[in-house]
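Chain letters run A, B, ... following the sequence lines, proteins first and then strands; every chain starts at 1. Since this is a predicted model, take the numbers as computed values, not measurements.
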Amino acid sequence: MPGLADLLSGPVLEVAPRLLGAVLRLDSPEGSVAVRLTEVEAYDGGGDPGSHAFAGRTPRNEVMFGPPGHLYVYFTYGMHHCCNVVCGSEGTASAVLLRAGEVFEGSETARVRRSAARDRDLARGPARLCRSLGIDLGRNGHHLETPPLTLSPAMRAHPSREISSGPRVGLRRAPDRAWRFWLTGDPTVSVYRPAHNLGR
DNA sequence: GAGAAGATTATCT
DNA sequence: GATAATCTTCTCC
């Protein structure tokens with residue numbers, strides 16, 4: 001059975017689609033929640049204007065420059081957390097944003113954190129995914145082979161699905177790069193919205 | 001120190 | 001479809 005290092009080895013554009021179907025799990029006293037990833041986005045360490053690391057190393061993005069296998073969590077819009085898996089070798093800042101997934105274990109616990117959500121919506125979107133799992137800035141830099149928060153390749157067989165790709169969501173910069181990957185037709189994939197450029 | 005933008009979401013019309 | 005909520009980070013003075 002391949003480990004995390006195998007899962008994350010190679011160029012980020014190869015790693016990202018490989019993460020579809022992988023399982024992110026967080027065990028806590030409140031209960032365990034496990035998510036099967038259905039949608040991700042790739043962010044390249046070198047020359048990707050859409051990446052938080054594009055302008056160089058800062059305190060916020062420091063984790064992305066570290067070794068692969070760690071979680072990069074950031075806080076945005078004054079209220080939301082989003083999480084990435086750091087990949088690529090140490091010194092490069094490639095990462096994969098976890099945009100959506102299917103909560104297949106611990107939906108009761110997830111529902112406590114996300115009131116009034118239908119099952120399919122529990123982790124349908126990057127901030128929703130973090131909230132269902134209970135991930136916040138305290139998990140920034142966490143290594144994903146260390147309990148209670150782990151990432152592992154698909155643990156169970158799931159119907160083979162086609163993988164689709166398209167432009168990344170919500171970016172004003174580099175909207176042309178089709179670096180978003182998802183399981184074709186999966187109901188938990190978030191809906192595409194272009195960057196909101198109006199009203200500013 | 002000020003100002004703007006942001007890898008979003010829930011809610012209203 | 002439009003907008004409010006809400007605050008950190010980064011970019012210039």
Which pairs of donor and acceptor atoms, one on a side chain in residues 44-51 of chain A, lie under 3.5 Å apart (sequence neighbours left out)?
residue: A/Asp44; atom: OD1; partner: A/Ser94; partner atom: OG; Å: 3.3
residue: A/Asp48; atom: OD1; partner: A/Gly50; partner atom: N; Å: 3.0
residue: A/Asp48; atom: OD1; partner: A/Arg168; partner atom: NH2; Å: 3.0
residue: A/Asp48; atom: OD2; partner: A/Asp44; partner atom: N; Å: 3.0
residue: A/Asp48; atom: OD2; partner: A/Arg168; partner atom: NH1; Å: 2.9
residue: A/Ser51; atom: OG; partner: A/Ala53; partner atom: N; Å: 3.0

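- The A/Tyr72 side chain lies nearest to B/dA7 when the options are B/dT9, B/dA7, B/dA5.
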Is there any protein nitrogen or oxygen under 3.5 Å from a nitrogen or oxygen in nucleotides 10-13 of chain B, and what are the pairs?
residue: B/dA10; atom: OP1; partner: A/Arg114; partner atom: NH1; Å: 2.5
residue: B/dA10; atom: OP2; partner: A/Arg128; partner atom: NE; Å: 3.0
residue: B/dA10; atom: OP2; partner: A/Arg128; partner atom: NH2; Å: 2.5

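- To the nearest angstrom, P of C/dT9 lies 10 Å from CG of A/Asn140.
- With hydrogens and angles left out, the side-chain atoms of A/Ser32 and A/Asp27 include a donor and acceptor closer than 3.5 Å.
- Under the rule for a side-chain hydrogen bond (donor to acceptor under 3.5 Å, both in side chains), A/Asp6 has no partner lying at least two apart in sequence or in another chain.
- With side-chain heavy atoms closer than 4.5 Å counting as contact, directly or through intermediates, A/Val112 stands alone and belongs to no larger hydrophobic cluster.
- Residue pairs that meet the side chain to side chain donor-acceptor pair (under 3.5 Å) test with at least one member in residues 177-186 of chain A, sequence neighbours left out, are A/Arg36-A/Asp186, A/Glu39-A/Arg180, A/Arg161-A/Asp186, A/Ser164-A/Thr184, A/Asp186-A/Thr188.
- By the stacking rule of 5.5 Å between ring centres and under 30° between planes, A/Tyr74 does not stack on the base of B/dA7.
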Can you give me every donor-acceptor pair (side chain of residues 62-73 of chain A, partner residue at least two apart or in another chain, under 3.5 Å) with its distance?
residue: A/His70; atom: ND1; partner: A/Gly141; partner atom: O; Å: 2.9
residue: A/Tyr72; atom: OH; partner: A/His52; partner atom: ND1; Å: 2.8

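- Comparing atom distances between the A/Phe75 side chain and each of B/dT9, B/dA5, C/dC7 picks out C/dC7 as nearest.
- At a threshold of 4.0 angstrom between heavy atoms, the contacts of A/Arg60 are confined to the sugar-phosphate backbone, with no base atom among them.
- Sequence neighbours left out, not one pair with a member in residues 5-38 of chain A passes ring pair (Phe, Tyr, Trp, His ring centres under 6.0 Å).
- Residues passing the side-chain hydrogen bond (donor to acceptor under 3.5 Å, both in side chains) test with A/Asp136: none are found, sequence neighbours excluded.
- Applying a 4.0 Å cut-off to non-hydrogen atoms, the residues of residues 47-56 of chain A that approach DNA chain B are A/Gly50, A/His52, listed by residue number.
- Residue pairs meeting the salt bridge (Lys or Arg N to Asp or Glu O under 4.0 Å) criterion with at least one partner in residues 64-81 of chain A, sequence neighbours excluded, are absent.
- Applying the side chain to side chain donor-acceptor pair (under 3.5 Å) test to every pair with at least one member in residues 138-147 of chain A, sequence neighbours left out, gives no pairs at all.
- At the phosphate of B/dA7, neither OP1 nor OP2 sits under 4.0 Å from any side-chain N or O atom of A/Thr76.
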*Which dot-bracket notation, 5' to 3', represents the base pairing of DNA chain C when pairs are defined as Watson-Crick or G-U with both distances under 3.5 Å, crossing pairs as [ ], and inter-strand pairs as |?*
|||||.||||||.
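- In this structure, the nucleotide among C/dC10, B/dA7, B/dG6 sitting nearest to the side chain of A/Tyr77 is B/dG6.
- Counting to the nearest Å, the P atom of B/dT8 and the CG atom of A/Asn84 are 11 Å from each other.
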